[in-house]
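Please read the structure below before turning to the comments.
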Amino acid sequence: MSGICGVWGTNQSGRVAATLEAVGRGLSLAPEERCEAMTAQEAGVAVSARFDTQQLYRDESVLVACDADLYNEAELRGLAGTQGAIAEKEQTAALLAALYGRMGPDFAGKLNGNFAVVLWDRRERRLVAAVDRFGVKRLVYFQTGRMLAVASRIDALLRAGEITPEVNPRAIANFLNFGVNLAPETVFEGVRRLMPGTVLIATDKSARVAPYWDMRYGGADHVSEEVLAGQLEDLVAKAVAAQVKDESYAELGAFLSGGTDSSTVVGMMSRLERGPVKTFSIGFDEERFSELEYAAITARKFQADHHTYIVSAADCFEALPKMVRFFDEPFANSSAIPCYFCARLAAQDGVRTLLGGDGGDELFGGNERYRTDKIFYAYQSVPKLLRRGAIEPALDLLPVNGGPLGKAKRYVRRANMPAVERFFSYNFLSAHAPGEVFEPDFLETLRGYSILEAPARYYNEGPAREHLDRLLYVDVRITLGDSDLPKVTQMAEMAGVQTRFPFLDPAVAEFSGALPAHLKVKGLEKRYLFKRAFRNLLPDEVLRKKKHGFGIPVADWLKSDTRMREFSRDILFSSRALERGYFRRGFMEELIRLHEADDTAYYGDNVWSFLVLEMWHRQFVDARVGALA
């Protein structure tokens, strides 16, 4: 894992260089990374570089560390007024320094691309850090009375030695419910994650985080479907072209799951007529998880140079420890495994950058639960007097809990849930009461924390009025920002590949927000306008197929594969795991029993979450304690 960092030590100029070196070295997880640092008085920046986008720059005014893959550099050079020759290895960092000199911290809002930047203003004694609009590139930070430190990874940041890492119990609860922790908190107390679309500005007097961009919803209500579809097609075409840049297709490729998003990206790349697009797909011997058939249909349609790999339980077992290491927080999204092997397949074919279709579902209404929620939300359109005065009393009087009448009861119960509670009602800590799962002492440390606190805030305070748009915003923040983007970027980097996401282009994202909600899910048809926009591009089979994505048969493997089965049981019932005091042993035993008896993935996926959590503790908590002993 590569990245950047910055350190500002108030009255600590003698310690800055050593602290910066320690944090910078902590960023490096690959032997080929190049580590460099720059200091000025009481502050400094550093980089552990694996890619050309990771650079340092200094002049008399600023120090800059950046991990920035920008798609509008020509426009930015015009804004910055930069002239003259600059060494290639610092061109982007120098451009950011010039932009900052013209605009101050507002420069972040002018950037189009994936970026993380840490900048020390030598004249104003000001530290500035920013990340891109969706958090493709990430930064974490802490501040004490003596020091402010920012870095790409939490474990690197802790090497500053300024804070004692204590596991955040709210992060453990979030992880079990969502499969990830939710920003801005991190798994360690006192360490914060910089939210997407924000900039951290710190001076001698104060430190604040300010937003420079966010999604906005509504505004295109009076434009015809035909016009909107044409505009969307044009915007996506421009976004793909911008992200392809002038790079050779020998080193540029695309993830291809066989779904509408990745197929659209491949189709748009093929329209650029640069030669065959290199596409990469993952399958499984377990047929119900494999979408290679649809990926092959897309590849044939666009005459792609198509590559496939079958991921096995053995692959999963071998990759798991390294995967846990590359995520600096517990991460249970098991599709990270096929994502890694897909990126590795690309790297083996000489590809250095992959384009992905991530973001399409959350922007254009492609997830199945939007349709499911619409069915329940429709009940609220029934007059309240009829619902409360007739339908519900009549159902309550019926002793039947099975058959159509029982189904009607369950429908009404779920339809009457608050929106966010219903949306996440199938998640782990909604289906299992915390008192059943956690040890009493650990439950006390949560102090009544609600795992729906963050999603409810996004739903209620987000920049949307329509119910569906509010749900989309929740998913942009959590499903996309906290889960899917880190999954793809971290696993691709583990394979030595960078990633780009055309649907996250600001113009595409802002257009999606402006679309009327009823054109995203029309009736019960998901991503209605998106499909209309690309119906002449995509194969009919892809347009009609059900969504799948990079799913993985991990629940099956935890039962059928001897090594994974034995390893998971040994880890979960080890003395180390039980002595952490998080979970009731009886609950863990019942979870394993239910997993053994059940043919669905539900219980097995939860076993996977507990396994990953314990493995993370051994690498990030136990190993650190041992190193300090």
Salt bridge flag under 4.0 Å for residues [X] and [Y]:
X: Asp475; Y: Arg369; value: yes
X: Arg325; Y: Asp155; value: yes
X: Asp361; Y: Lys526; value: no
X: Asp622; Y: Arg576; value: yes
X: Arg585; Y: Glu589; value: yes
X: Arg193; Y: Asp328; value: yes
X: Arg288; Y: Asp556; value: yes
X: Arg593; Y: Glu596; value: no
X: Arg170; Y: Glu185; value: yes
X: Glu318; Y: Arg563; value: yes
X: Arg477; Y: Asp214; value: yes
X: Arg580; Y: Glu614; value: yes
X: Asp261; Y: Arg527; value: yes

Check for me whether [X] meets the cation-pi criterion with [Y], that is, NZ or CZ under 6.0 Å from the six-membered ring centre and within 45 degrees of the ring axis.
X: Arg470; Y: Phe423; value: no
X: Arg414; Y: Tyr426; value: yes
X: Lys545; Y: Tyr294; value: yes

Main chain of [Y], side chain of [X]: is a donor-acceptor contact present, judged purely on distance under 3.5 Å?
X: Arg584; Y: Phe438; result: yes
X: Asn114; Y: Val136; result: no
X: Asn427; Y: Asn177; result: yes
X: Ser334; Y: Ile552; result: no
X: Arg500; Y: Leu355; result: no
X: Asn367; Y: Tyr370; result: no
X: Arg344; Y: Ala495; result: no
X: Thr279; Y: Ala254; result: no
X: Lys409; Y: Asp396; result: no
X: Thr298; Y: Ala295; result: no

Exercise for review: Carefully, step by step, assess Phe567 and Phe317 under the rule ring pair (Phe, Tyr, Trp, His ring centres under 6.0 Å).
Suggested key: CA-CA 9 Å; Phe567 176 71; Phe317 184 82; 5.6 Å; yes

Could you tell me if the side chain of [Y] sits less than 4.5 Å from the side chain of [X], heavy atoms only?
X: Ile337; Y: Met323; result: yes
X: Val497; Y: Tyr340; result: no
X: Leu591; Y: Val607; result: yes
X: Val265; Y: Phe501; result: no
X: Ile375; Y: Tyr411; result: yes
X: Pro486; Y: Glu329; result: no
X: Phe424; Y: Leu429; result: no
X: Leu194; Y: Pro184; result: no

**Study point:** Identified side-chain contact (heavy atoms from CB on, under 4.5 Å) counterpart of Ser609 within the set Phe178, Phe175, Phe331
**Key:**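 Of all the options given, the one that passes is Phe175.
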
Practice item. From the options Leu471, Leu182, Asn460, select the one residue that forms a side-chain contact (heavy atoms from CB on, under 4.5 Å) with Pro455. Key: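 The option that passes is Leu182.
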
**Study point:** Greater than 12 external heavy atoms within 6.0 Å of Gln348's CD
**Key:**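 Enclosed: over 12 neighbouring heavy atoms sit under 6.0 Å from CD of Gln348.
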
Check your understanding: Taking everything shown except Asp599 itself, do over 12 heavy atoms lie less than 6.0 Å from its CG?
Key ->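 12 or below, so no.
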
How close do [X] and [Y] get, counting heavy atoms only, and between which atoms?
X: Ala492; Y: Thr499; value: CB-CG2, 3.5 Å
X: Leu256; Y: His306; value: CD2-CE1, 3.8 Å
X: Phe188; Y: Phe620; value: CZ-O, 4.3 Å

Check your understanding: Less than 6.0 Å separating the ring centroids of His518 and Tyr528?
Key ->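 No, the ring centres sit 6.0 Å or more apart.
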
Nearest 0.5 Å please: distance from the [atom1] atom of [X] over to the [atom2] atom of [Y].
X: Ser430; Y: Leu452; atom1: OG; atom2: CG; value: 5.5 Å
X: His307; Y: Ser281; atom1: NE2; atom2: OG; value: 10.0 Å
X: Asp358; Y: Asp484; atom1: CG; atom2: CG; value: 6.0 Å
X: Ile297; Y: Leu538; atom1: CD1; atom2: CG; value: 12.0 Å
X: Phe364; Y: Leu472; atom1: CZ; atom2: CG; value: 10.5 Å
X: Leu345; Y: Tyr309; atom1: CG; atom2: OH; value: 9.0 Å

Exercise for review: Run the numbers on Lys137 and Thr489 for side chain to side chain contact (heavy atoms under 4.5 Å, CB included), then give the verdict.
Suggested key: CA-CA 8 Å; Lys137 302 291 186 181; Thr489 57; over 6 Å; no

Between [X] and [Y], what is the ring plane arrangement, given parallel below 30°, perpendicular above 60°, and tilted in between?
X: Phe428; Y: Phe610; answer: perpendicular
X: Tyr473; Y: Tyr217; answer: perpendicular
X: Phe534; Y: Phe530; answer: tilted

Practice item. Show your reasoning for whether side chain to side chain donor-acceptor pair (under 3.5 Å) applies to Asp441 and Tyr582. Key: CA-CA 8 Å; Asp441 288 347; Tyr582 293 163; over 6 Å; no

Please report, to 0.1 Å, the donor-acceptor pairs under 3.5 Å made by any side chain of residues 461-468, with sequence neighbours excluded.
unit_1	atom_1	unit_2	atom_2	d
His467	ND1	Tyr459	OH	2.7
His467	NE2	Asp373	OD2	2.6

Check your understanding: Step by step, would you call Lys520 with Leu529 a side chain to side chain contact (heavy atoms under 4.5 Å, CB included)?
Key -> CA-CA 6 Å; Lys520 296 168 185 172; Leu529 190 85; over 6 Å; no

**Study point:** Criterion ring pair (Phe, Tyr, Trp, His ring centres under 6.0 Å) on Tyr602 and His595, from CA distance to verdict
**Key:** CA-CA 8 Å; Tyr602 178 78; His595 171 47; over 10 Å; no

